[in-house]
Structure formats: C-alpha cells, structure tokens
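The chains referred to below are lettered A, B, ... by the order of the sequence lines, with proteins before strands, and numbering in each begins at 1. On a predicted model such as this, the values are computed, not experimentally measured, just so you know.
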Protein chains: 2
Amino acid sequence: MKKTILVFALLVLALYTLFRISKYSLFIGDTPIELIITAIAIVFFIVGIYINKKSLQKPQQATKEIDHQKIKELEITSREYEVLQAISAGLSNKEIAEKLFLSESTIKTHVSNLLVKLNAKRRTQAVQIAKTQKIL
Amino acid sequence: MKKTILVFALLVLALYTLFRISKYSLFIGDTPIELIITAIAIVFFIVGIYINKKSLQKPQQATKEIDHQKIKELEITSREYEVLQAISAGLSNKEIAEKLFLSESTIKTHVSNLLVKLNAKRRTQAVQIAKTQKIL
DNA sequence: AGGCTTTTGGTACTTTAGTATGAAGCCCGT
DNA sequence: ACGGGCTTCATACTAAAGTACCAAAAGCCT
C-alpha cells in the first residue's frame with residue numbers, strides 16, 4: 001500500500017517534470033515534440049508495467065502462503081503439523097518415526113489425531129484437505 | 001503470442017495517431033499540450049498495465065499446466081492416470097473402484113503399476129512425485 | 001487373423017495404516 | 001503444587017494398501 005502511494009507520487013512528479021520539459025522545448029523552438037511524446041509514452045508504459053507487476057505479485061504469493069490462523073483454529077499442534085508435512089512428502093509412518101527420532105506408535109497417534117482434526121479418513125485425504133485449506 | 005503482437009501493433013498505431021494529433025494541435029496554435037501529453041501518458045500507462053497483465057497470466061497458468069509429454073514418457077496409460085488423479089483427491093481403492101465402476105482388484109493392479117512407473121513406494125509418495133513432475 | 005497393449009479381474013499373501021485404549025513424563029499457568 | 005494440554009509409547013486389534021502371479025476379454029495395428 002505504502003509502495004503504491006510512493007510510486008503514484010513519483011508518477012505525478014514525473015508528469016510535472018515532463019510538463020516542464022515540454023514547455024521548455026516549446027520556448028526553445030522546433031525541438032522534436034515526437035521524441036518527447038515517445039519518451040513520455042515509453043516512461044509511462046514502463047511505469048504501468050512496473051506498478052502492475054508489483055500489484056500482481058502479492059496475490060501470487062498469497063496463494064502460496066500457508067494459513068497459520070487456520071492451523072490454530074483446527075487445534076493442530078506443532079508436532080502434528082510436522083507429521084502432516086512428512087505425510088505430504090510421501091513418507092510412511094516408519095520413515096516419519098525415523099526422521100523425527102520417535103517410535104512408530106507415536107506417529108500413529110499423531111496421524112490419528114490429525115485425521116480427526118482435519119475430518120479425513122485417510123492420510124491422502126488429509127493432505128488434500130490441508131492443501132485446499134491452505135495449511136500446506 | 002498472437003495477442004501480444006496484436007497489442008503491440010495497436011500500440012504503434014496509437015503512437016502514430018498521437019503524433020498526428022500533436023502535430024495537428026501545433027498547427028492549430030495554442031491547444032493545451034499538457035492535456036495531450038497527459039492523455040498520452042494515461043493511455044500508455046493503461047496499455048502497459050494491460051500488456052503486463054496478459055503476459056503475467058500465462059506463467060501463472062503455465063505452472064498449473066500438466067506435462068502430458070512426461071506422462072507418455074513414463075508410459076502411464078489413461079486409465080492409470082485416472083486412478084492417479086483419484087488418489088491425489090484422497091480416495092481409497094474401494095472409493096476409486098466405485099467411482100470408475102470397477103472392482104477393487106483392478107484398482108490395486110493400476111495402483112501397483114503406477115507405483116512402479118512413478119518409482120514410488122506408497123500412494124502418498126506417488127502423488128508427491130507426480131506433482132513435482134508436473135503430471136498433476 | 002495374429003500379435004500387441006490395455007484393461008479388467010481374481011487369489012493369496014505381506015505390509016502398512018488406522019482405531020481404541022491406557023498410561024507415563026513434561027511443561028505451563030494459576 | 002495441582003490440573004490440563006502436549007508428547008511420548010505400548011498393546012491389540014481391524015482395515016486398507018500393496019505384491020506377486022496369473023488369466024481372460026477388448027481394442028489396436030498391420
């Protein structure tokens with residue numbers, strides 16, 4: 001937001017400067033106005049692209065960001081979330097246990113709790129739900 | 001690609017038209033040049049935003065596009081691909097069987113073949129591999 | 001028509017996943 | 001210090017997933 005205002009201020013400033021240049025060139029006489037206009041066109045063209053890129057990058061990143069609020073709402077604990085990430089990576093319970101230095105029983109407990117909290121019947125469904133909920 | 005060329009052609013045309021208008025206004029006399037310049041600036045600003053939006057939408061969709069070539073390379077058949085999609089949706093073998101009007105045995109066969117072709121040990125891993133390979 | 005791949009299905013078995021229940025240790029706030 | 005949530009682990013199941021191997025019908029391609 002602040003950046004947008006800043007860029008817009010610079011835009012107005014540039015417009016004013018270009019006014020000054022155009023007036024100056026008129027007083028000089030037969031300075032090629034086409035050149036000035038082309039320069040203005042290119043500058044505003046680039047500025048338009050730049051501003052648009054800035055405004056479009058935000059929603060692009062937003063879709064990739066994870067909803068930490070949602071995780072809290074679902075009461076998913078940090079350990080459970082670690083397991084969830086491991087599941088989405090395609091690991092088995094045994095592999096997750098080895099990765100986190102835990103027993104397979106513990107992983108099974110976490111997975112079971114995750115399935116309840118995510119309202120899923122299987123780990124694959126849990127991953128799918130987590131992704132649509134922007135948790136993963 | 002064709003659209004970009006079209007827009008660019010329109011851009012050049014607009015530039016030429018604006019040249020004509022600017023020259024005409026000079027012959028007229030003291031027509032406010034600031035207005036013309038502002039108009040040019042606004043037009044190119046908008047065109048800049050428009051072109052940028054068009055060019056940015058493509059890579060956004062490109063990341064979501066699936067690599068059909070890769071599917072062929074991995075020798076994944078159409079039926080197997082349907083099963084793969086169902087797996088990523090979080091369905092069980094039984095649910096997939098019901099969805100595709102097949103027996104669970106058939107689904108198991110397809111899944112087994114998929115795991116070999118995707119070099120995965122589990123269905124969850126298969127989904128993960130398929131997504132990194134841009135098959136899903 | 002014969003050969004090929006795909007698709008379908010089965011049996012029998014092993015492995016992994018998931019449920020239910022209980023329990024112990026830990027940390028944190030009151 | 002006590003209660004409560006988190007984490008850890010275990011046992012004993014049931015259910016689902018996956019493997020191996022086989023086999024038949026269907027669809028192509030030449």
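Partners of A/I129 under the side chain to side chain contact (heavy atoms under 4.5 Å, CB included) rule, at least two apart in sequence or in another chain, are A/L118, A/A120, A/Q125, A/Q133. For A/S103, the side chain to side chain donor-acceptor pair (under 3.5 Å) test picks out A/T106, with sequence neighbours left out. A/E80 meets the side chain to side chain donor-acceptor pair (under 3.5 Å) test with A/T77, A/K117; sequence neighbours excluded.
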side-chain contact (heavy atoms from CB on, under 4.5 Å) between B/V127 and B/K131: does it pass, once the steps are laid out? CA-CA 6 Å; B/V127 170; B/K131 281 186 178 170; 4.1 Å; yes
Verdict with reasoning, A/K134 to A/E65, per side-chain contact (heavy atoms from CB on, under 4.5 Å): CA-CA 7 Å; A/K134 289 177 182 176; A/E65 275 174 12; over 6 Å; no
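In this model, the phosphate group of D/dT7 is not approached by any side-chain N or O of A/T109 to a distance below 4.0 Å at OP1 or OP2. Listed pair B/H110 / C/dT8 meets the phosphate criterion, a side-chain N or O lying under 4.0 Å from OP1 or OP2. For A/S112, no side-chain nitrogen or oxygen approaches OP1 or OP2 of C/dG18 to under 4.0 Å.
Closest approach of B/Y81 to B/I76, counting heavy atoms only: N-CG2, 3.8 Å.
Rounded to an integer number of Å, the gap from CD1 of B/I96 to C1' of D/dA17 is 11 Å. Between the P atom of C/dT6 and the CG atom of B/L100 lies a distance of 18 Å, rounded to the nearest Å.
Shown for residues 113-121 of chain B: no residue has heavy atoms falling under 4.0 angstrom of DNA chain C. The stretch residues 72-84 of chain A has no heavy atom under 4.0 Å from DNA chain C, so no residue of it qualifies as close.
The shortest distance between side-chain heavy atoms of A/L100 and A/E82 falls below 4.5 Å.
In this structure, CD1 in B/I107 is found 10.0 Å from CG in B/L114, a value given to the nearest 0.5 Å. Rounding to the nearest 0.5 Å places CG of B/L102 at 10.0 Å from OG1 of B/T109.
Rounded to 10 degrees, the angle between the two end axes of the helix from C/dG3-D/dC28 to C/dT30-D/dA1 is 50°, with five pairs used at each end.
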Give every donor-acceptor pair under 3.5 Å between a side-chain atom in residues 85-96 of chain A and any protein atom, sequence neighbours left out.
from	atom 1	to	atom 2	distance (Å)
A/S88	OG	A/Q85	O	2.9
A/S92	OG	A/E95	N	3.3
A/N93	OD1	A/R123	NH2	2.2
A/E95	OE1	A/S92	N	3.0
A/E95	OE1	B/R122	NH2	2.6
A/E95	OE2	B/R122	NH2	3.2

Donor-acceptor pairs under 3.5 angstrom involving side-chain atoms of residues 66-74 of chain B: please list them, not counting sequence neighbours.
from	atom 1	to	atom 2	distance (Å)
B/D67	OD1	B/Q69	N	3.2
B/D67	OD1	B/K70	N	3.2

Give me, pair by pair, the N or O atoms of the protein and of nucleotides 11-17 of chain C that are less than 3.5 Å apart, along with how far apart they are.
from	atom 1	to	atom 2	distance (Å)
C/dA17	OP2	A/N93	N	3.0

Quick one: which protein N/O atoms are closer than 3.5 Å to N/O atoms of nucleotides 24-30 of chain D? Pair and distance per line, please.
none

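Residue pairs satisfying the salt bridge (charged side-chain N to carboxylate O under 4.0 Å, His left out) criterion with at least one member in residues 96-115 of chain B, sequence neighbours excluded, are absent.
Among the heavy atoms of the strands lying under 4.0 Å from B/S103 are primed sugar atoms or P, OP1, OP2 only; no base atom is included.
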